[in-house]
Amino acid sequence: MPSPAKGQPFEMQADDIRVIGWVDDPETYPIQPKAHTLEFLREVAHLRPRTNAIGAATRVRHTLAKAIHRFFDEDGFFWVNTPIITASDAEGAGALFRVSTLDFANLPRAADGTVDFAQDFFGREAFLTVSGQLAVEAYCLALTKVYTFGPTFRAENSNTSRHLAEFWMIEPEIAFADLADDATLAERLLKHAFTTLLSGRQDDLAFFDERIEKGLVAKLEGIVASEFVRMDYGEAIRILQRAKGTKFEFPVAWGIDLQSEHERWLTEQHAKRPVIVMNYPKEIKAFYMRLNDDGRTVAAMDVLAPGIGEIVGGSQREERLDVLDARMAERGIDREHYSWYRDLRRYGTVPHAGFGLGFERTLAYVTGLSNVRDAIPFPRTPGNARY
RNA sequence: UCCCCGGUAGCUCAGUGGUAGAGCAAGCGGCUGUUAACCGCUGGGUCGAUGGUUCGAAUCCGUCCCGGGGAGCCA
C-alpha cells in the first residue's frame, strides 16, 4: 500500500508472517544490518551476494555483458566460442595453468627423463587459455567480424587490485581493418556499453555514485559525450617529457614501456578521460603485431582509463607471412609451434585487427569499485580458490 | 615475486611492558509512523600461528600464515 511517510513509495501490510529459514546462530551470521568493508565481504564470498553492494555489482555485470553482446550482434559480429583448453599461448601473454590427467605421484617418463606428455590426455601438453586471440583470428579470416567473450586464465603471481587468475575477456577481431578502425571499434563499444548502463541500471549506478565513487554518473556521461583522446606513442613520450612539476620514478625516453605512473598521468592529469595510445616500439610488443612502415614501431594500441589504467590492449595483426616469420625469428619463437597460425597467412591473408577488453576492469571502472575482486562473483587470486 | 601498512569480541577499531576496552551487531526487556530509530540490561576474547627476550608480553625480537595498498606483468 502507498506509504504516508516521506522517502519511501510503499509499505507492506502483512496478515501473516512465516519464517522459512531461521538464521541458525545470529551471533555468527557474518552479514549484519550494518556497513561492512568489501575486504571482509571477500572472505565470505558465498554470503556477500546478499549485500546491497555486491547485489548491485552483479546486476551491473549482467547488464554490461548483455550490452556488449547486443552491440556486436547489431553490428554484424558473430560470437565465437574459442577453446578453454589450448596447446598454444599468445606469445607469453602470461604464465599458464596446466591441464593434465597424469598421476602426479607417478609421472610417466621419456627416455631422457622428462615427463612424457604423449601419455597425457591430449597426447601433448595442454593448458588453460590465456587469450582467445589466435583462435578467433582463424574465424575472422572466414566470417569477417567475430568476437570472443569468455573466461581467461593466467597463473601469474600478481597481487594487485587489477589482476585475477580467472577473468573474463572480450576479444573482437575484424577483417579488412587497420589500427584506426580497431581504436574506433573499441571506443564505440565502450560508449555503447556505458550508454546502456546509464539508462538501464540507473538505480544501481546511483547507489555506486552515492556510496562508492562520488561523481560516477557524471563521469560516465562525460565519457559518452566526448571523444577519446588519441595519440601516438611518440607523442605520449613527448607530452610526458614536458610534464611540468612532475617527477617520474621511471625516466621517460622513446623506447620505454609506459609505466603505471605514466599511464596515470596521461589519463588523470593530462586528458582527464580515456586515452588511446597507438604505435608502440616493436621491441616492447608481441610478435604478431603489424610492423609499421617506419620499421621501428608496430600498429598496437592501448586504451587507458583514469583510475584503472589499461582496459583495452589491441593491434593490427601482421598479415604478411614473410614479415611475421622475420618477427618470430627475432624473438626466437619456434615457427612450427605456430604452424596453424602461419597457415592463416599462407592460404589467403587479409589485413585484420582486434583487441582484448578486460571485463572485470571495465566493470570496476563503471561501478567505481577499486578492486576487480569485487567485480566477479568468486574471485580467483594467488592462494585463493576456496569458494 | 618485491616494497610498505595491518591481523585484538560477529564487524570497525582503541589499547604500545604490569588484571583485555569502545561503538556497532547479537540476546532479553521497554518505548516508538519508523525509515543507519531510541532507552536499559546481558552474553561474548587461545589479542593470526610459533619460537625467543623478560619477574611479567596483545605490546619487544625472529620465523611463518593471512589481509590491504603500491610496484612489476598485463586485461
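First the proteins, then the strands, lettered A, B, ... as listed; each starts at 1.
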Could you check how far CD of A:E261 sits from C1' of B:C3, rounded to whole Å? 15 Å
A:L164 near the nucleic acid: base, sugar-phosphate alone, or nothing, with a heavy-atom cut-off under 4.0 Å? base
Please compare A:H36 and A:L258 by the position of their nearest nucleotide in RNA chain B and report the one closer to 5'. A:H36
Any side-chain N or O of A:R361 below 4.0 angstrom from OP1/OP2 of B:C74? no
Looking at B:A75, B:A71, B:G69, which one has an atom nearest to any side-chain atom of A:E310? B:A75
Which whole number of Å gives the distance between the C1' atom of B:U19 and that of B:C2? 43 Å
Base, sugar-phosphate, or nothing for A:V372, non-hydrogen atoms under 4.0 angstrom? nothing
Any side-chain N or O of A:R162 under 4.0 Å from OP1/OP2 of B:C73? no
NZ/NE/NH1/NH2 to OD/OE distance under 4.0 Å, A:D73 and A:K66: no
From B:C74, B:U1, B:G68, nucleotide with atom closest to A:N157 side chain: B:U1
Under 4.0 Å, counting only non-hydrogen atoms across every strand here, what does A:F167 touch: a base, just sugar-phosphate, or nothing? base
Do NZ/NE/NH1/NH2 and the carboxylate oxygens of A:K285 and A:D257 come within less than 4.0 Å? no
Please state the P separation for the pair B:G10 and B:A49 - nearest whole angstrom. 14 Å
Taking only the side-chain nitrogens and oxygens of A:N159, find out if one of them lies under 4.0 Å from OP1 or OP2 of B:C73. no
Check whether any side-chain nitrogen or oxygen of A:S158 sits under 4.0 Å from OP1 or OP2 of B:C74, and answer yes or no. no
With rounding to whole Å, what would you report as the distance between B:A75 and B:G68 at their P atoms? 23 Å
Within the distance-only criterion (no hydrogens, no angle test), does the side chain of A:D294 pair as donor or acceptor with the backbone N or O of A:T297 below 3.5 angstrom? yes
From NE2 of A:H163 over to C1' of B:U1, roughly how many Å is that when rounded to an integer? 13 Å
Touch check for A:R386, heavy atoms < 4.0 angstrom, all strands: base, sugar-phosphate only, or nothing? nothing
Considering only heavy side-chain atoms of A:T160, the closest of B:A25, B:A71, B:A75 is B:A71
Centroid separation A:F287 to A:Y338 less than 6.0 Å: yes
Between the side chains of A:E263 and A:Q259, is a donor N or O closer than 3.5 angstrom to an acceptor N or O? no
Give me the distance, rounded to whole Å, that separates B:A22 from B:C65 when you measure between the C1' atoms they each carry. 29 Å
With both distances under 3.5 Å as the test, what is the Watson-Crick or G-U wobble partner of B:C11? B:G23
Assign A:S161 to base, sugar-phosphate, or nothing according to its heavy-atom contacts below 4.0 angstrom with the strands shown. sugar-phosphate
Please state whether the phosphate of B:G72, meaning OP1 or OP2, lies under 4.0 angstrom from any side-chain nitrogen or oxygen of A:Q259. yes
